[in-house]
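Working notes, structure below.
Values below: all heavy atoms of this structure, side chains included; hydrogens, waters and symmetry mates excluded.
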Amino acid sequence: MATPNLREAYGARGGGADALVPAEAGRRLLGQWGTRAVAITQGPAGATVVERGRPVHVVPVPETPVTLRTGRPDTCGAGDRFAAAAAAALGGGASVTEAVTVAVDHASRFVSAGGAGSMASVDRGAASSRVRRPSRSCSDAFALADRVHRDGGRLVATGGCFDLVHPGHLRLLREAAALGDALVVCLNSDSSVRRLKGAGRPVLGQDVRAAMLRELDTVDSVAVFDDDTPTRLLERLRPDVWVKGGDYRPADLPEAETVRRNGGEVRTVPPLGDYSTTKVVAAIESHHEAFRGRAGLGSEGRNP
């Protein structure tokens, strides 16, 4: 995917800034450059995505209000931030449109933070937030949320059982973390998982699942909840963004109303492949039964 800005796109076609509409410029550049897609960035107008065999798609700048830390916007470096975020999302399995959506969000927040002119202070702050040891209790998750809100940051939350973490979970966490300044995982307790998934689940207890999540660089804090839904927990956390996997629809999430009432938005991340803990457990059990049969073992794992 090529990511020219509007002036670069028109210049590559040999025309002036009013020679073509962005969509037409993108179509011509597909043929000229031989790329799979062209995403023409247009500053406050977002980006126009032209992909082979697909309709043109315009990705707008997020509606979340921004406050510039400097007197005037500094867009130097925004294109680099856009390209890097898009490349990372594509590398993680995102579609072209999904990657551009993430990239527009990253570039917009970069500019709103002051751009390259304040890069040193912005990046040091971002780095320090990621290298610190993550919070280790539910109360620390609340403290983190309060601090992010107080500092004008963007708090992201996601939730689930995370029982036997698989690539789909990792993709969800990576995409969620990219949407803000700190990520809190709302983790179903053992009793909550049993009510949702039935006997035999979870495979791993809540303390082990929480500890594994805290070891991930994308996760800043974990909060365990005992209800069937994270609604009460989200009422207190008040995330700016609530993220769930693409197998859910926002309209089907009972907690969505709570998130929106507190000023947040609900987003979904498309699933990566056909992963699920239920299928992982079934595969393990199937291999285990096959092994016992080949080894001549009884139901208790001993030679009869």
Could you tell me if the side chain of W33 sits less than 4.5 Å from the side chain of P4, heavy atoms only? yes
Could you tell me which residues satisfy side chain to side chain donor-acceptor pair (under 3.5 Å) with T97, sequence neighbours excluded, listed by chain and number? none
For the CG atom of D140 and the CG atom of D220, what is their distance to the nearest 0.5 Å? 12.0 Å
How far does CG of L196 sit from SG of C161, to the nearest 0.5 angstrom? 5.5 Å
Listed partners of E51 passing salt bridge (charged side-chain N to carboxylate O under 4.0 Å, His left out), at least two apart: R36, R54
Between R209 and L204, is there a donor-acceptor pair closer than 3.5 Å when you use the side chain of the first and the backbone of the second? yes
Looking at V38, is its backbone amide N or carbonyl O close enough to the side chain of T35 to form a donor-acceptor pair, meaning the two atoms are under 3.5 Å apart? no
Does anything in residues 83-99 form a salt bridge (charged side-chain N to carboxylate O under 4.0 Å, His left out)? List the pairs, not counting sequence neighbours. E98-R171
Do the side chains of L187 and V193 join up, straight or via other hydrophobic residues, at under 4.5 Å, putting them in one cluster? no
Can you check side-chain contact (heavy atoms from CB on, under 4.5 Å) on V219 and L173, steps first, answer last? CA-CA 7 Å; V219 176; L173 295 171; 4.2 Å; yes
With sequence neighbours excluded, tell me which residues meet side-chain contact (heavy atoms from CB on, under 4.5 Å) with R232. D227
Within the 4.5 Å heavy-atom criterion, are V184 and T158 side-chain neighbours or not? no
Check V259 against P239 and note the closest heavy-atom contact, atom names and distance. CG1-O, 4.4 Å
With sequence neighbours left out, write down each residue that passes side-chain contact (heavy atoms from CB on, under 4.5 Å) with H106, or none if nothing qualifies. R81, A85, V102, R109, A178
Report yes or no: does R154 contribute a side-chain atom to a donor-acceptor pair with the main-chain N or O of L179 at less than 3.5 Å? yes
Keeping R267 on the side-chain end and A176 on the backbone end, is there a donor-acceptor pair under 3.5 Å? no
Are L155 and D181 close enough, and set up right, to give a side-chain contact (heavy atoms from CB on, under 4.5 Å), and what steps lead you there? CA-CA 6 Å; L155 179 69; D181 301 297; over 6 Å; no
Please name all residues satisfying salt bridge (charged side-chain N to carboxylate O under 4.0 Å, His left out) with D240, sequence neighbours left out, ordered by chain then number. none
Using every non-hydrogen atom in the two residues, find where R174 and T218 come nearest and quote the distance to one decimal. CA-CG2, 4.0 Å
For D190 and R201, what are the C-alpha separation, side-chain angles and deciding distance, and is it a salt bridge (charged side-chain N to carboxylate O under 4.0 Å, His left out)? CA-CA 8 Å; D190 291 347; R201 298 285 301 275; over 6 Å; no
Using only heavy-atom distances, determine whether the side chains of W242 and E255 contain a donor-acceptor pair under 3.5 Å. yes
Distance-minimising heavy-atom pair for P230 and C186: CB-CB, 4.4 Å
Charged N-O contact under 4.0 Å between E257 and R260: no
Is the backbone of T258 close enough, under 3.5 Å, to the side chain of N262 for a donor and an acceptor to pair up by distance? yes
By side-chain contact (heavy atoms from CB on, under 4.5 Å), N5 pairs with (sequence neighbours left out) R7, E8, T41
Checking the side chain of H149 only, and the main-chain atoms of L144 only, is there a donor and an acceptor separated by less than 3.5 Å? no
If you look at every heavy atom in V61 and G46, which pair is closest and at what distance? CG2-N, 3.7 Å
Side chain to side chain donor-acceptor pair (under 3.5 Å) filter on R261, not counting sequence neighbours, yields E235
Testing the basics here: between P22 and L6, what is the closest heavy-atom pair and its distance to 0.1 Å? CG-CD1, 3.8 Å
Which pair of heavy atoms, one from L237 and one from A141, lies closest together, and at what distance? CD2-O, 3.9 Å
Any chance you could lay out the side-chain contact (heavy atoms from CB on, under 4.5 Å) test for V59 and V49, step after step, and finish with the verdict? CA-CA 7 Å; V59 178; V49 184; 4.1 Å; yes
With sequence neighbours left out, what residues match R195 under salt bridge (charged side-chain N to carboxylate O under 4.0 Å, His left out)? D228
T229: side chain to side chain donor-acceptor pair (under 3.5 Å) partners, not counting sequence neighbours: T231
Please round to the nearest 0.5 Å and tell me the distance separating atom OH of Y10 and atom CZ of R28. 11.0 Å
Carefully, step by step, assess V185 and S221 under the rule side-chain contact (heavy atoms from CB on, under 4.5 Å). CA-CA 6 Å; V185 176; S221 187; over 6 Å; no
Kindly write out the residues that satisfy side-chain contact (heavy atoms from CB on, under 4.5 Å) with V58, not counting sequence neighbours, or none if the list is empty. T48
Residues at least two apart in sequence or cross-chain that pass side chain to side chain donor-acceptor pair (under 3.5 Å) with T3, listed by chain then number, are none
Gap between atom CD of E215 and atom CG of L213 - 0.5 Å precision: 10.0 Å
Report yes if some heavy atom in the side chain of V266 is under 4.5 Å from a heavy atom in the side chain of K244; otherwise report no. no
